[in-house]
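What follows is a short report on a single structure.
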Amino acid sequence: MVHLPSPDPALTPSSASEGARAWIRHRESPLQGAVTGSLTGLHFAVKDNIDAAGLPTTAACAAFAYSPQAHATVVQKLLDAGASLAGKTNLDQFACGLNGTRSPWGAVPNAFDPAYVSGGSSSGSAHVVAKGQVDFALGTDTAGSGRVPAGLNNIVGLKPSKGLISARGVVPAAQSVDCVSIFARSVGLAAQVLAAARGYDPADPYSRTLTLADRPFPKTFRFGVPDALAFFGDRLAEAEFERARAGLRELGGVEVRFAYQPFAEAAALLYESALVAERYAAIRDFFDAHEAAVMEPVRGIIAQGRSYDAADLCIAQTRLRALGQQAAAQWREAGGQGMDVMLVPTAPTHYTIAQMQADPVALNRNLGAYTNFVNLLDYAALSVPSSIRPDGLPFGITLIGPCGSDWQLAELGQRYHHATGLTQGATGEPLPAPVPIPGIRSSSEAPSTVRVAVVGAHLSGMPLNTQLTERGARLLAQTTTAPHYRLYALPGTMPPKPGLQRVAEGQGARIAVEVWEMPIEHYGSFVALVPAPLGIGTLSLDDGGNVQGFLCEALALNGALDITAHGGWRAYLAAQAVPTPPQA
């Protein structure tokens, strides 16, 4: 194994002092970035499972250390954008943990009370940002490591959509679900760093090109709260979460409850199924040769991966897909109309370092109660400071959205953060003024999406719904038309389709529809698939709004069955499936 190199004269080793435990290597003279760029003048640190040429990468295990010849892709991008690298930060060994106590370099303390954990595995990165030692830092996030430390230290933790930031040059924890994450003291800066760091990288097998939503969530957005919440006896955290819910309502949010069971079951698979084998696979050669060099409980967790075979992994992956389908239904159906964004506590409680070391597995699991499922189900997330508890410890919330909602989460998160009146991290400095989120279009710019109301075979679960989903459309609402329409079952159509016709006031009824939002660049190809006698026109909704939607030529309705009384196509089909009772 490659040994640690001789100390660089520009480097100072960390000591046992509380603040220094956050660093593994701290440069006295930062590695300078480009002279000009969007991040010029800013200093950053990186978690020590991310390569930076000239600094050993340890993953918090000295026996594993190696000297990378090149920067990780994301580090190079940030240097090119003008930021300067201050050093490498401590972490839970091999990024395995959510508490910050699993490192031979020492337990990283909370920035507000050194008796408490900092959260992990990106413990050092969160600490140095909270203390103002750097402007921002990189972490990694597999099960919540880019969010839990943010929530426990009063800073922002941006966990991007998977594949948005390259992970080339990052020691994997579970490579298919790993994300490089961003810590900052304000949402605006975190978003600015994301804009510089993102980009497709063919050298990363999980990198992908993503189209990010560029419009804010609706003015009256629907936020989902789990129907079962656990705070593990922490009444202060429970009260702060109640305050957070009220804060989102004040920003225009409408709270809905959703079934948390599929999300919780998905979270459990990460460590309690064959999915844990990916952690073993990530460092298999090293682990098999140097198992004794890995500290407990990290060693025991990784060793579990040996006990599963390929069939076990297939079973776990299929179960995860099934839970993903159940979870997707909650996004569509929660509260009757679905949810735009999910609200959860970033961490449900705080633990002292002594408590964590006395019961390291169970308490670590508790910290991940609302984080483990996010990457498994391919969501984006943003941890935002929410309040300071009466005992002086921070409380944070996490906003979770579908893949590609990164800018939307940042726009809402920035509004929420500034409404709290909190200061930056543990510095006591006021928040900077809000800034435009890089990927969000202003209201004066041309729209990038179009709303389409569907009434029949394009409804969720119906035969033609894939014509929407394969074009990146997402369900916004289940609602009804204004009471000026009649619905007919069109004869001879395949698959069976209804026809919707606008009629004079007083002669129609409200008809159930779904409203979908589609990227405007795909709208033309969708309209081209609409067969006569159907067409696209303007529909009036019951709330007074207008959207594009399906209408039918009047001539085609001659002899068609009027099914208006059923109130919608789905109800009509359900009625046809019920056998007619025998006549007496």
Side-chain angles (χ1 to χ4, degrees), residues 211-224 252-254 256 328-329 331-341 401-409 411-412 439-462 464-485 487 497-502 508 510-530 534-552 567-570:
T211 300
L212 304 187
D214 58 4
R215 290 286 174 180
F217 290 120
K219 186 174 182 181
T220 303
F221 60 94
R222 297 170 62 82
F223 69 93
V254 175
V256 298
W331 285 94
R332 296 192 302 266
E333 300 166 8
Q337 295 183 28
M339 55 185 175
D340 298 299
V341 63
C403 176
S405 63
D406 305 67
W407 298 136
Q408 294 175 308
L409 294 174
E411 190 277 335
L412 177 59
I440 293 291
R441 291 175 179 263
S442 69
S443 58
S444 61
E445 294 180 273
S448 61
T449 59
V450 60
R451 294 192 301 159
V452 183
V454 298
V455 70
H458 288 87
L459 294 168
S460 300
M462 294 291 178
L464 299 182
N465 183 251
T466 55
Q467 292 182 358
L468 291 166
T469 57
E470 68 188 12
R471 287 168 173 78
R474 69 183 188 103
L475 179 63
L476 293 181
Q478 296 171 327
T479 185
T480 62
T481 66
H484 312 311
Y485 293 88
L487 189 67
K497 302 179 184 71
L500 187 69
Q501 184 184 44
R502 184 167 184 129
R510 294 177 175 85
I511 303 298
V513 297
E514 290 180 352
V515 179
W516 289 72
E517 183 180 60
M518 179 184 297
I520 200 164
E521 63 265 26
H522 300 314
Y523 183 56
S525 67
F526 174 72
V527 173
L529 296 175
V530 179
L534 300 176
I536 298 291
T538 300
L539 265 65
S540 297
L541 300 180
D542 195 41
D543 64 4
N546 294 316
V547 295
Q548 299 298 291
F550 284 81
L551 292 170
C552 187
W569 183 243
R570 202 185 296 276

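Side chains of V513 and T480 form no contact here, defined as non-hydrogen atoms less than 4.5 Å apart. A heavy-atom distance below 4.5 Å is found between the side chains of I511 and L500. Side-chain contact between P216 and E411: present, with at least one pair of heavy atoms (C-beta onward) separated by less than 4.5 Å. Side-chain contact between F550 and I536 is present, with at least one heavy-atom pair separated by less than 4.5 Å. Considering only heavy atoms from C-beta on, V450 stays 4.5 Å or farther from V547 through its side chain. Looking at L409 and D406, their side chains never come closer than 4.5 Å, going by heavy atoms from C-beta outward.
Every residue two or more places apart in sequence or in another chain was checked for a salt bridge (charged side-chain N to carboxylate O under 4.0 Å, His left out) with E333, and none qualifies.
Closest approach of G338 to R222, counting heavy atoms only: O-NE, 2.6 Å. The shortest heavy-atom contact between P519 and A473 is CD-N, 4.2 Å. Here the shortest heavy-atom pairing between G224 and M339 reads CA-SD, 3.6 Å. Minimum heavy-atom separation, A512 to V455: O-CG2, 3.7 Å.
With values rounded to the nearest 0.5 angstrom, H458 atom NE2 is found 7.0 Å from L529 atom CG. Rounding to the nearest 0.5 Å places CD1 of I440 at 10.0 Å from CG of L412. A distance of 7.0 Å separates NZ in K497 from CG in L534, rounded to the nearest 0.5 Å. Atom-to-atom distance recorded for R510:CZ and T479:OG1 is 10.0 Å, nearest 0.5 angstrom. Considering CD1 of I520 and NE2 of H522, their distance stands at 11.5 Å, rounded to 0.5 Å. Summarising the geometry, atom CZ belonging to R471 is positioned 7.5 Å from atom CZ belonging to F526; distances are rounded to the nearest 0.5 Å.
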| task | Apply the test side-chain hydrogen bond (donor to acceptor under 3.5 Å, both in side chains) to residues T449 and R215: give CA-CA distance (whole Å), side-chain angles for both, the deciding distance (0.1 Å), then the verdict. | result | CA-CA 9 Å; T449 59; R215 290 286 174 180; 5.9 Å; no
| Could you go step by step and tell me if L459 and R570 meet the side-chain contact (heavy atoms from CB on, under 4.5 Å) rule? | CA-CA 8 Å; L459 294 168; R570 202 185 296 276; 3.5 Å; yes
| task | Before giving the answer on salt bridge (charged side-chain N to carboxylate O under 4.0 Å, His left out), spell out for D214 and R441 the whole-Å C-alpha distance, their side-chain angles and the decisive distance to 0.1 Å. | result | CA-CA 6 Å; D214 58 4; R441 291 175 179 263; 2.6 Å; yes
| request: Go through W331 and L475 one step at a time and tell me if the side-chain contact (heavy atoms from CB on, under 4.5 Å) criterion holds. | output: CA-CA 9 Å; W331 285 94; L475 179 63; over 6 Å; no
| task | For the pair E517 and R451, evaluate salt bridge (charged side-chain N to carboxylate O under 4.0 Å, His left out) and give the outcome as yes or no after the intermediate values. | result | CA-CA 4 Å; E517 183 180 60; R451 294 192 301 159; over 6 Å; no
| query | Hey, mind stepping through Q501 and L551 against side-chain contact (heavy atoms from CB on, under 4.5 Å) and telling me if it holds? | reply | CA-CA 6 Å; Q501 184 184 44; L551 292 170; over 6 Å; no
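A donor-acceptor pair is defined here as one N or O able to donate and one able to accept, closer than 3.5 Å; such a pair exists between the side chain of Y485 and the backbone of S540. A donor-acceptor pair under 3.5 Å is absent between the side-chain atoms of R474 and the main chain of W516, judged by distance alone.
No donor-acceptor contact under 3.5 angstrom links the side chains of N546 and T538, judged on distance only. For S460 and E514, the side-chain atoms include at least one donor-acceptor pair closer than 3.5 Å. No donor-acceptor contact under 3.5 angstrom links the side chains of T481 and R502, judged on distance only.
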